[in-house]
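Notes for the one structure printed next.
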Amino acid sequence: MSGEPFIRLQPTRQMAEVYEKLCESSGAKPQVIFEANSIIEASELCAAGLGATLVTDMLVQSWRWKEQAFFFELEEEVEDRQLLAVCSKQRQLSLAAQRFIDFLRAD
């Protein structure tokens with residue numbers, strides 16, 4: 001990653017911490033060209049050819065990419081995350097919300 005154009009996430013995002021730890025442990029010094037607000041924004045800019053970025057395997061598998069991107073897996077161990085879907089018992093879920101919850105449960 002050293003010297004490569006890189007799209008990093010804003011420091012408030014958890015993936016920014018992963019980026020910092022990877023750079024620190026590897027000694028890499030990417031050339032940050034943009035600081036994205038979301039992982040989707042960063043990944044679309046990357047797929048458009050503007051630079052490299054870090055994405056989750058869930059995004060790689062589920063996102064409908066506008067542009068073809070090249071992915072490779074890092075063997076770096078990161079903490080597991082738990083995804084939670086919270087909804088009101090008094091309201092009926094939209095079809096999109098129900099499908100999202102079904103998607104989360106499928107894993």
Side-chain angles (χ1 to χ4, degrees):
M1 292 183 356
S2 284
E4 293 297 318
F6 200 86
I7 302 155
R8 165 174 82 184
L9 288 178
Q10 292 178 348
T12 56
R13 304 294 183 194
Q14 188 171 5
M15 191 61 85
E17 185 178 324
V18 173
Y19 165 82
E20 293 298 331
K21 286 180 181 178
L22 282 170
C23 288
E24 185 179 307
S25 66
S26 68
K29 293 181 171 72
Q31 176 190 355
V32 176
I33 59 164
F34 190 76
E35 203 168 79
N37 185 44
S38 75
I39 196 167
I40 293 173
E41 178 185 30
S43 62
E44 287 293 347
L45 291 169
C46 174
L50 297 176
T53 196
L54 296 175
V55 297
T56 62
D57 56 347
M58 185 174 155
L59 182 67
V60 170
Q61 295 166 7
S62 64
W63 189 248
R64 291 191 174 108
W65 299 94
K66 294 176 188 172
E67 302 285 334
Q68 184 61 40
F70 174 77
F71 301 99
F72 64 93
E73 188 173 352
L74 298 175
E75 294 297 325
E76 183 70 20
E77 221 174 283
V78 294
E79 296 176 20
D80 286 336
R81 296 185 193 181
Q82 288 185 331
L83 294 177
L84 303 173
V86 180
C87 57
S88 171
K89 289 183 178 182
Q90 286 81 29
R91 299 179 115 184
Q92 184 173 353
L93 291 175
S94 69
L95 180 59
Q98 185 59 54
R99 286 196 176 156
F100 178 68
I101 290 170
D102 292 343
F103 172 77
L104 293 177
R105 286 182 175 156
D107 193 18

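We use all heavy atoms of the structure for the numbers below, so side chains are in, but hydrogens, waters and symmetry mates are not. The model shown is predicted, which means the values in this text are computed figures rather than measured ones.
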Only counting residues at least two apart or in another chain, list the ones meeting side chain to side chain contact (heavy atoms under 4.5 Å, CB included) with Thr12.
Gln10

Listed pairs under 3.5 Å, donor-acceptor, residues 29-36 side chains, sequence neighbours left out:
from: Glu35; atom 1: OE2; to: Arg8; atom 2: NE; distance (Å): 3.3
from: Glu35; atom 1: OE2; to: Arg8; atom 2: NH2; distance (Å): 3.0

Can you confirm whether Leu50 sits close enough to Ile7 that some side-chain heavy atom of one is under 4.5 Å from a side-chain heavy atom of the other?
yes

Is there a path of hydrophobic side-chain contacts, each under 4.5 Å between heavy atoms of I, L, V, M, F, W or Y residues, that connects Leu45 with Ile40?
no

Using the test side chain to side chain contact (heavy atoms under 4.5 Å, CB included), find all partners of Thr56 that sit at least two apart in sequence or belong to another chain.
Met15, Ile39, Met58, Leu59

Between CD of Glu24 and NZ of Lys21, what distance do you get to the nearest 0.5 Å?
9.0 Å

Look up atom OG in Ser88 and atom CG in Leu93, then write down how far apart they are to the nearest 0.5 Å.
9.0 Å

Between Tyr19 and Thr53, is any pair of side-chain heavy atoms under 4.5 Å apart?
no

Over all atoms of both residues, closest heavy-atom pair of Leu22 and Ser26
O-OG, 2.7 Å

